[in-house]
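Below is a structure I'd like to ask you about.
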Amino acid sequence: MNNREIAEIFHSIADILEIKAENPFRIRAYRKAAQVIEDLSQPIKDIHTNGKLPNIPGIGEGIAGKISELIQTGKLKEYETIRKSVPSGLLEMLNISSVGPKTVALIYKELGITSVKELEKAAKDHKLAKFPGMGEKKEENIIRGIKILRETKERIPIYEAELIAKNIISLLKKVPAVDKISIAGSLRRRRETIGDIDILVASDKPAEVMDSFTTLPQVNQILAKGSTRSSVRIEGGRQVDIRVVQTDSFGAALHYFTGSKTHNIRIRELGIKKGLKINEYGVFKRSKLAEEDKKIAGREEIDVFKSIGMPYICPEIREDRGEIEAGLSGTLPKLIEIADLRGDLHIHSNWSDGTNSIEEMAEASIERGYQYIAICDHSKSLRVAGGLDEGQLIERQKKIDKLNNKYKNFQILSGIELEIHINGKLDFSDDILETLDVVIGAIHTGFSQDENVNTARIIKAMENRNVDIIAHPTGRLLGKREGYKIDIPAILKAAGDTGTALEINAFPERLDLADIYLQEAKEKGAKFAINTDAHSISQLDFTKFGIGVARRGWLEKQDVINCLNIDELQKSLEKARERSTHHYPPGQKKTDLI
DNA sequence: GCCGTTTTCGGCCCGACTGTTTTCAGTCG
C-alpha cells in the first residue's frame, strides 16, 4: 500500500467523521496526517520498517498504529467498520460546492439519499426546501454545484492558472480604485497544479473593485459577492476568488491569502503564544478587553513573521514542512532565484523534434541573458522524435562549432538526450558519448517494466561516466500519467553516489523531479539541473516553473549545476564523470543483479 | 487525534458570505 493510498484512507476517515459530526479537532488530525503522508519523499512502509513513524510531525501514537495495520494487513479494521456506517456516495457529495457534511447528513437521514444523482433529482423535485436551513436557493445551488462538479477538472497545471491570473490582473490594474494587486494562494506558492485562483487587492474603495471584478468579460457566474470577498466562476469552469483590504492591511492579508492553510495555523498559534492575534487585517496585541486589541503590524508581509520572531519565509516553502522550525532556529535556506541560472542544459533543435534551429535557440538564449546552452536532441532509437544517429551527430557538431566561432561570451554545448534501453544499455557507445559536452540519460520507452528493471536501468546509466544528467527522472505527466515504477530513494542515492545530476524538468506538465523529493536527494549528495526541455523558443520561458519547483524543494544556488559559469560547469561535469567511474569497484555493481 | 520552556490534560486559527432566519448555522478559504 503506497503513500497516496494510505493518505486517501485518512482523508476518507476524516470525511466520514465529519458527516457523523465528530470532534472537529480529531477530523483535523486525520486530514493533517493525510497531508503529511502525501508530502513524504520516502515510501511510508520504509519509514515504518525503520521504526521512524513517530518521528513524523502530525503522526502520533494512534495514527501510527493505523498506518502499521494498513502496511501489515492491507486493511484497517476501524475504517472498514465506520465506512459501512456511511454509504460511499455520501463522500462523493461532499465535493459538490455548497454541500457540506451537515447537508449530506440531513438529506441522508431525512430522505435516504445516498448518491449525487439522487440528490440532483431531489433538488429538482423541490424535496429539499422543506427542511430547516434549506430553501429554494439552496436547491438551485446544489443543482448548479453538481453540474460544475461534472464539468470541471479538479486541478489545472500551474501554466494554465498563471495565464488566467495574469489576464485578470492586467484588467484589474486598469481600475483606478485598485491600489495594489497580487496573486496569492497556491499559485503564489508555485504548486505544480492549482485548484482555485486567488487574487488580493488593496483599495479604499472595495465596492468599486468588486463591481469591476464581477463584471469582467470572462466571468460566467458570480458565486459570492461581498464587500471584502467575492468568488466567480470563469469560462472553462475555474473559480477565481478575490479579496480586498485596506492598504495598511495588505501585507497581513497577503500572508493569510497565500497560505498554506497549515502554515497559517502554525503561524497564528505562535502568535497566540506571544499574546498576539494574527488575522488578514494585521497583527494585534491581545488585551483583556477584546475590542481594545492594538494593531502592531499589517502593511508589509514580512512584519507578520517579525512579530513572532522570525525572518521572512518565501511563499514557495509555506507548507508546514519544516519552514517554521527553520525560521525560528535561523536555518532557512537562501532559495535559488531565476537570475542565478547561467544556462539551460536541455534544449531541442530542429535537428530532432524541435521547431527552431540551433541558431535561433542560441539567439533567444542570449537575449535571456544566458552564458551557455546545451543542445540535447534525441538519440537514434527514438525515431518518432527524429533521433539523431552517429553521422548526424558529427554533422550537427560542425554546425555548432561554426556558431560558437561567431558568439563571444556565449557557448553552445553539444549534447544528447540519450535513450536508456530496457536492459540499461545506452543508445550510443562510450566513444561517441566522450565527444559530447552534455549527456542526458532518458527513458521514453518501456514504461510498464517493473520497478526493479526500471530502477536498475536508470542506475546503470548513472554509473556510466559519460552520463551527466538524468532527464525527467520519474517520467510522470501531470494529470495524464503517473511516473514509471521506480525505487525513488534508490535513484536519489545513486545520484549522490555517482555525481549524476537529477533534472528538474521545467515543462509544465512534467515538473519532474517533483519538489517533495529534492530535500532528500540533496541530503544524499545529489546535484540538480533545472532545464526547460524546450522544443521551441517560447518554451525557454518555462524556466520559471522549474525554479518554482526547486524553491519549493528548498534548493539553493549551489545545488544546481546550471548556476555555475561555463568554466565551473565544465569542471564540475568532468569531476562528476570521475566519480561515476570510481564509485563502484569492479564486480560490485548493484546493477549486475539484472 | 495531536501536542507540550505556560500544559501529559486541555487546549486546538480566524474570519467572510449565503441563505434562511430574525440571530445564526453551514460552508468555504
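Naming: A, B, ... by sequence-line order, numbering from 1 per chain.
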- Below 4.0 angstrom from OP1 or OP2 of B:dG29, is there any side-chain N or O of A:Gln239? yes
task = For A:Ser231 and A:Asp241, test the side chains for any donor-to-acceptor distance below 3.5 angstrom and give the result as yes or no.
result = yes
Margin query: Looking only at the side chain of A:Lys138 (C-beta and beyond, no hydrogens), which of the listed nucleotides B:dC28, B:dC17, B:dT27 gets closest?
Written below: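 Of the options given, the side chain of A:Lys138 lies nearest B:dT27.
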Q: Identify whether the glycosidic angle of B:dT6 places it syn (within 90° of 0) or anti.
A: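 The base of B:dT6 is oriented anti (glycosidic angle more than 90° from 0).
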Exercise for review: Decide if atom CD of A:Glu78 counts as having more than 12 heavy atoms of other residues, nucleotides or ligands within a radius under 6.0 Å.
Suggested key: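 Counting neighbours around CD of A:Glu78, 12 or fewer heavy atoms of other residues, nucleotides or ligands fall under 6.0 Å, so no.
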TODO: Determine the Euclidean distance between corresponding C1' atoms of B:dT8 and B:dC12; express it in Å to zero decimal places.
DONE: 16 Å
(request) May I ask you to say what A:Ile267 touches in the nucleic acid, namely base, sugar-phosphate or nothing, with a heavy-atom cut-off under 4.0 Å? (result) nothing
Does the cation-pi check pass for A:Arg318 over A:Tyr312, that is, NZ or CZ under 6.0 Å from the six-membered ring centre and within 45° of its axis?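 Yes - A:Arg318 lies over the ring of A:Tyr312, closer than 6.0 Å to its centre and within 45° of its axis.
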Separation between the P atoms of B:dT22 and B:dA16, rounded to whole Å | 24 Å
*How is A:Ser231 classified with respect to the nucleic acid when contacts are heavy atoms under 4.0 Å: base, sugar-phosphate, or nothing?*
nothing
In whole angstroms, the gap separating P of B:dT18 from CD1 of A:Ile142 amounts to 17 Å
Of the listed B:dC3, B:dC17, B:dC14, the closest approach to the A:Pro57 side chain comes from B:dC3
Closest to the A:Arg28 side chain, choosing from B:dG1, B:dC14, B:dC12: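 So the nucleotide nearest the side chain must be B:dC12.
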Taken to the nearest whole Å, NZ/A:Lys274 to P/B:dC13 is 18 Å
By the Watson-Crick or G-U definition, both distances under 3.5 Å, B:dT8 is matched with none
Exercise for review: Check the distance between B:dC3's P and A:Asn55's CG and give it to me in whole angstrom.
Suggested key: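 Roughly 11 Å, once rounded to whole Å.
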* To do: Just compare B:dC14, B:dG29, B:dT18 and give me whichever is closest to any side-chain atom of A:Phe257.
  =>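 Of all the options, the side chain of A:Phe257 is nearest to B:dG29.
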Considering only heavy atoms and no angle criterion, is a donor-acceptor pair shorter than 3.5 Å present between the side chain of A:Asn23 and the base of B:dG1?
->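 By the distance-only test, yes, there is a pair.
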Residue A:Lys261, side-chain heavy atoms: nucleotide from B:dA16, B:dC13, B:dT18 that is nearest =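 Nucleotide nearest to A:Lys261's side chain: B:dC13.
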| In terms of ring plane angle, is the pair A:Tyr159 and A:Phe545 parallel, tilted or perpendicular, where the classes change at 30° and 60°? | perpendicular
Are a donor atom and an acceptor atom from the side chains of A:Lys174 and A:Ser212 found within less than 3.5 Å of each other? no
Contacts of A:Ile27 and A:Lys273 projected onto DNA chain B by closest heavy atom; the upstream (5') one is A:Ile27
Rounded to whole Å, CG of A:Leu254 lies from P of B:dG29 at a distance of 19 Å
A:Ile56 CD1 to B:dC3 P, in whole Å, measures 11 Å
- Message: Would you measure the distance from the P atom in B:dG15 across to the matching atom in B:dG10 and give it in whole Å?
- Response: 26 Å
Check your understanding: Are the charged groups of A:Arg188 and A:Glu301 less than 4.0 angstrom apart, N to O?
Key ->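 Here A:Arg188 pairs with A:Glu301 in a salt bridge, since their nearest N and O are under 4.0 Å apart.
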B:dT18, OP1 or OP2 - any side-chain N/O from A:Lys225 closer than 4.0 Å? no
*asked:* What is the separation between atom CD on A:Glu269 and atom P on B:dT5, rounded to the nearest whole Å?
replied: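 My rounded result for the distance is 12 Å.
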A:Tyr30 vs A:Lys66 side-chain heavy atoms within contact, under 4.5 Å: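 A:Tyr30 reaches A:Lys66 side chain to side chain.
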Does OP1 or OP2 of B:dC14 have a side-chain N or O of A:Arg243 closer than 4.0 Å?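 A:Arg243 to B:dC14 OP1/OP2: no side-chain N or O under 4.0 Å.
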*Select one nucleotide: of B:dC2, B:dG15, B:dC13, the one nearest the side-chain heavy atoms of A:Ala29.*
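Side chain of A:Ala29 sits closest to B:dC2.
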In whole angstroms, the gap separating P of B:dG1 from CZ of A:Phe10 amounts to 10 Å
B:dC13 OP1/OP2 closer than 4.0 Å to side-chain N/O of A:Tyr281:
no
* Rounding to the closest angstrom, what is the interatomic distance between B:dG29 and B:dC13 at atom C1'? -> 12 Å
*asked:* When the C1' atoms of B:dG19 and B:dG4 are compared, how many Å lie between them, rounded to an integer?
replied: 42 Å
Scan A:Ser227 against the nucleic acid and name what it touches under 4.0 Å (heavy atoms): base, sugar-phosphate only, or nothing.
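The answer is sugar-phosphate, as A:Ser227 gets under 4.0 Å only of primed atoms, P, OP1 or OP2.
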With rounding to whole Å, what would you report as the distance between B:dC9 and B:dC14 at their P atoms?
-> 25 Å
Go through B:dC14, B:dG26, B:dG1 for me and flag the one nearest to the A:Arg268 side chain.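 Looking only at side-chain atoms, A:Arg268 lies closest to B:dC14.
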So, does A:Thr228 get its side chain near the phosphate of B:dC17, meaning an N or O under 4.0 Å from OP1 or OP2?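 A:Thr228 to B:dC17 OP1/OP2: side-chain N or O found under 4.0 Å.
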Open item on the list: Please determine whether a side-chain nitrogen or oxygen atom of A:Asn264 lies at a distance below 4.0 Å from atom OP1 or OP2 of B:dC13.
Closed with: no
*asked:* I want to check one thing: is the phosphate of B:dC28, taken as OP1 and OP2, less than 4.0 Å away from some side-chain N or O of A:Ser98?
replied: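 No, no such contact exists.
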Integer angstrom distance from the C1' of B:dG11 to that of B:dT6: 12 Å
>> Regarding A:Gly58, tell me which of base, sugar-phosphate or nothing describes its non-hydrogen contacts under 4.0 Å with the strands shown.
In response: sugar-phosphate
Q) Would A:Arg190 and A:Asp515 pass as an ion pair if we require N to O under 4.0 Å? A) no
Regarding the side chain of A:Asp198, the nearest nucleotide among B:dG1, B:dA16, B:dG29 is B:dG29
- Task: Consider the side chain of A:Pro101, meaning its heavy atoms from C-beta on, and name the nucleotide among B:dT18, B:dG15, B:dT27 that approaches it most closely.
- Result: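 Nearest listed nucleotide: B:dT27.
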By nearest-nucleotide position on DNA chain B, the 5'-leaning member of A:Leu223 and A:Phe131 is A:Leu223
message: So A:Tyr30, base contact, sugar-phosphate only, or nothing? Heavy-atom distance under 4.0 Å.
response: sugar-phosphate
Among the nucleotides B:dG1, B:dT20, B:dG26, whichever has the atom closest to the side chain of A:Lys137 is B:dT20
Separation of B:dC3 atom P from A:Arg26 atom CZ, nearest Å, is 16 Å
**Study point:** Ionic contact status for A:Arg476 with A:Glu192, cut-off 4.0 Å
**Key:** yes
Worksheet item: Using a cut-off of 4.0 Å on non-hydrogen atoms, how would the nucleic acid contact of A:Ile96 be classed: base, sugar-phosphate, or nothing?
Response: sugar-phosphate
